[in-house]
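Here it is, the structure in full.
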Amino acid sequence: MIICPNEIATGRSNSLFAADMNTHGQELTKRLKGARVLVIGGAGSIGTATAKLLSAFPLDQLTVVDHNENALAGLVRRLRAEATLPLAKSIDTLPLDFGHALFYKFLQSAPPFDFVLNFAALKHVRTEKDVFSALALIEANIVRQADLLIQLGKTSPKAQYFSVSTDKAANPVSVMGATKRLMEHVMFQSSASECLTGAKITARFANVAYSNGSLLESFVQRLNDRVPLAAPVGIERFFVSLEEAGQLCLLASILGEDQTIYVPKLDPAENLVAMERIARDFLNVNGFEADIFTLEDETDAKTALEDLALAGRWPLVLTPADTAGEKPYEEFTGEHETTALSAFHELYAVKYASALSSEEIDASLGTFRALLDGESDAEVSLEDIKTEIANLEPRFSKAHIASEKRLDDRI
């Protein structure tokens, strides 16, 4: 059985937010008692962790929407298998695609929600590999965000709204990070945001250990499939556990202040962890020593695996950090942003600030819609997309880390 300890990534045996959850437990119960809560993209790793926590409060209704039907079934099974059954009066799951017409028909038919938590997003830096993938990032992270706010303004105008952001939105160097920064602009400053009178809140946080699609999840899969592990050289990341991610999102989304971005109190000197070290530690706790190979030796690593495994060793391919959008370190606050203490012991508050007008944000939204609708006969390039993003984030035109090398071309 493969061992997956959070400690090798987070450095913690207990949750960072355990004290905050205890301190604010009664307040959470007061806010959530009898509430109707909608969780969008709730069958993914972070959405599931948050929905599980929400189900333990006396809600009137918890509705989880996700396009992944199998994952929704797994979520319900997990909730029903808990030692303590959910306190939520009613739990519904719907296999609907966020942004699809059928999803909006559902919103129109449902009674108003008190809280809406949106986890639906494209989150991988590697997704900017071509024009269509970059446009998909824009659609999911920016345009559908605006559409949702407009629709909620018609169906749940007083709802408190939370949409998860990313640390990569701070001084973005990738298209993915930039689209999440623009998502923040749409949430807080566009005309679409004015459709909702409730508080609008987001959070940027670290990599989530063993979450779907994460490098740590790949370690588990690769050990199970008996193939070499791989990790980038010189890349350091912050980590939170799935439990911590859910707790952070619950605290911020229900008790957070309007126009605020919440970030965890993680210290670069203490909490940044090299990906290579995590790979070595993961192998160690599973009974193997890392046997190092370079990217050029990838074939040799695959061939040597079984002999190495018999000797208690496992091939680890170390790859150079030279692919598009790959930031060597992580940060939670961007240029001209400042952190302040919040009501939570382990979360800082970053008040949204921007020199942009709602008219400028709306104009860019119009341009993005035109690109997605194919209204122009001219062929769209990644440079065109980068230019449009830079209209709202001027620094991005110089900060973007471009490369012909792609993560999808590597082990």
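Hydrogens, waters and symmetry mates play no part in the numbers below; they use all other heavy atoms, side chains included. Small disclaimer: the values here were computed from a predicted structure and weren't measured.
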I need the Leu316 CG to Ile292 CD1 distance, nearest 0.5 Å.
4.0 Å

Could you tell me which residues satisfy ring pair (Phe, Tyr, Trp, His ring centres under 6.0 Å) with Tyr262, sequence neighbours excluded, listed by chain and number?
Phe344

Tightest non-hydrogen contact, residues Val175 and Ala134, listed as CG1-CB, 4.4 Å

For Asp130 and Ser133, indicate whether the former's side chain and the latter's backbone hold a donor-acceptor pair under 3.5 Å.
yes

Any donor-acceptor N/O pair, Trp314 side chain to Val227 backbone, under 3.5 Å
yes

Kindly state each residue pair satisfying salt bridge (Lys or Arg N to Asp or Glu O under 4.0 Å) with at least one member in residues 149-161, sequence neighbours excluded.
none

Short question: side chain of Arg313, backbone of Leu308 - any donor-acceptor pair under 3.5 Å?
no

The criterion is ring pair (Phe, Tyr, Trp, His ring centres under 6.0 Å); which residues satisfy it with Phe238, sequence neighbours excluded?
Phe332

Thr202 (side chain) donor-acceptor with Ile261 (main chain) under 3.5 angstrom
no

Return the orientation label for the Phe219 and Phe282 ring planes: parallel under 30°, perpendicular over 60°, tilted otherwise.
tilted

What heavy-atom pair brings Leu215 and Ala231 nearest, and what distance separates the two atoms?
CD2-CA, 4.5 Å

Begin from the C-alpha positions of Glu388 and Ser364 and carry the test side-chain hydrogen bond (donor to acceptor under 3.5 Å, both in side chains) through to its verdict.
CA-CA 7 Å; Glu388 291 302 329; Ser364 287; 5.2 Å; no

Measure the spacing between CG of Leu79 and OG1 of Thr93 and express it to the nearest 0.5 Å.
9.5 Å

Stepwise side-chain contact (heavy atoms from CB on, under 4.5 Å) check, Leu62 with Val39:
CA-CA 8 Å; Leu62 174 61; Val39 181; 3.9 Å; yes

Quick check against the 3.5 Å criterion: does His24 have a side-chain atom that pairs as donor or acceptor with the backbone of Ala343?
yes

Plane angle bin for Phe103 and Phe98 - parallel if under 30°, tilted between 30 and 60°, otherwise perpendicular:
perpendicular

Sequence neighbours excluded - salt bridge (Lys or Arg N to Asp or Glu O under 4.0 Å) pairs with any residue from residues 206-221:
none

Is the backbone N or O of Leu196 less than 3.5 Å from a side-chain atom of Lys200, with the two atoms forming a donor-acceptor pair by type?
yes

I would like to know whether Thr63 and Gln61 meet side-chain hydrogen bond (donor to acceptor under 3.5 Å, both in side chains); could you show each step before the answer?
CA-CA 6 Å; Thr63 300; Gln61 176 68 46; 3.1 Å; yes

Above 12 or not: heavy atoms from other molecules or residues under 6.0 Å from NZ of Lys168?
yes

Residues passing the side-chain hydrogen bond (donor to acceptor under 3.5 Å, both in side chains) test with Arg78, sequence neighbours excluded, are none

Between CG of Leu305 and CG of Asp300, what distance do you get to the nearest 0.5 Å?
12.5 Å

Is the closest side-chain heavy-atom distance between Val131 and Ile385 below 4.5 Å?
yes

Test side chain to side chain contact (heavy atoms under 4.5 Å, CB included), reference Phe239, set Leu266, Ile8, Leu216, output is Leu216

Within a strict 4.5 Å, meaning less than it, do heavy atoms of the Ile91 and Ser55 side chains meet?
yes

Is it the case that more than 12 heavy atoms not belonging to Glu7 sit under 6.0 Å from its CD atom?
yes

Main chain of Ile3, side chain of Asn286: is a donor-acceptor contact present, judged purely on distance under 3.5 Å?
yes

Residues passing the salt bridge (Lys or Arg N to Asp or Glu O under 4.0 Å) test with Glu243, sequence neighbours excluded, are none

To the nearest 0.5 Å, what is the distance between CZ (Phe115) and CG (Leu59)?
9.0 Å

Quick one: do the Asn6 and Ser241 side chains pair a donor with an acceptor below 3.5 Å?
no

Minimal heavy-atom distance between Gly44 and Asp66, with the atoms involved, is N-OD2, 3.7 Å

Donor + acceptor pair across side chains of Gln221, Asn224 (<3.5 Å)
no

List the atom of Leu341, the atom of Ala349, and the distance in Å for their closest heavy-atom pair.
O-CB, 4.4 Å

If a pair satisfies side-chain hydrogen bond (donor to acceptor under 3.5 Å, both in side chains) and one of its residues is in residues 207-216, list it, with sequence neighbours excluded.
Ser45-Asn212, Asn207-Glu330

Would you call Lys180 and Glu184 a salt bridge, taking side-chain N to carboxylate O under 4.0 Å as the test?
no

Once rounded to the nearest 0.5 Å, what's the spacing between atom CD1 of Ile201 and atom SG of Cys249?
11.5 Å

If we ignore hydrogens and angles and just use 3.5 Å, is the side chain of Thr166 paired with the main-chain N or O of Ala169 as donor and acceptor?
no

Note: Asp147-Arg369 ion pair, threshold 4.0 Å (strictly below):
yes

Please report the C-alpha distance between Thr387 and Asp384 in whole Å, then the side-chain angles of each, then the deciding distance to 0.1 Å, and finally whether the side-chain hydrogen bond (donor to acceptor under 3.5 Å, both in side chains) criterion is met.
CA-CA 5 Å; Thr387 298; Asp384 294 330; 5.5 Å; no

Using residues 268-279 as the side-chain source, report each donor-acceptor pair under 3.5 Å to any protein atom, sequence neighbours left out, with the distance given to one decimal.
{"from": "Asn271", "atom 1": "OD1", "to": "Asp267", "atom 2": "N", "distance (Å)": "2.7"}
{"from": "Glu276", "atom 1": "OE2", "to": "Arg280", "atom 2": "NE", "distance (Å)": "3.2"}
{"from": "Glu276", "atom 1": "OE2", "to": "Arg280", "atom 2": "NH2", "distance (Å)": "3.1"}
{"from": "Arg277", "atom 1": "NE", "to": "Asp281", "atom 2": "OD2", "distance (Å)": "3.4"}

In terms of heavy-atom contacts, Ala245 and Thr50 come closest through O-OG1, 4.5 Å

Sub-3.5 Å donor-acceptor pair from the side chain of Gln189 to the main-chain atoms of Ile361, do we have one?
no

Which residue pairs satisfy the side-chain hydrogen bond (donor to acceptor under 3.5 Å, both in side chains) criterion with at least one member in residues 104-122, sequence neighbours excluded?
Asn118-Tyr161

Side-chain donor/acceptor of Ser156 to backbone N/O of Pro112, under 3.5 Å
no

So, taking the atom named CG in Leu283 and the one named CD in Glu289, what distance separates them when rounded to the nearest 0.5 Å?
8.5 Å

Under the rule for side-chain hydrogen bond (donor to acceptor under 3.5 Å, both in side chains), what residues qualify as partners of Ser191, not counting sequence neighbours?
Asp362

Within a strict 4.5 Å, meaning less than it, do heavy atoms of the His100 and Leu102 side chains meet?
yes

For residues 20-42, which residue pairs qualify under salt bridge (Lys or Arg N to Asp or Glu O under 4.0 Å), counting only residues two or more places apart or in two chains?
none

Please collect all salt bridge (Lys or Arg N to Asp or Glu O under 4.0 Å) contacts where either partner lies in residues 332-353, sequence neighbours excluded, each pair once.
Arg181-Glu337, Arg204-Glu337, Glu257-Lys351, Glu335-Arg395

Check the side chains of Glu244 and Thr10 for a donor-acceptor pair under 3.5 angstrom, ignoring hydrogens and angles.
no

Just checking Phe17 against His345, ring centres under 6.0 Å apart?
no

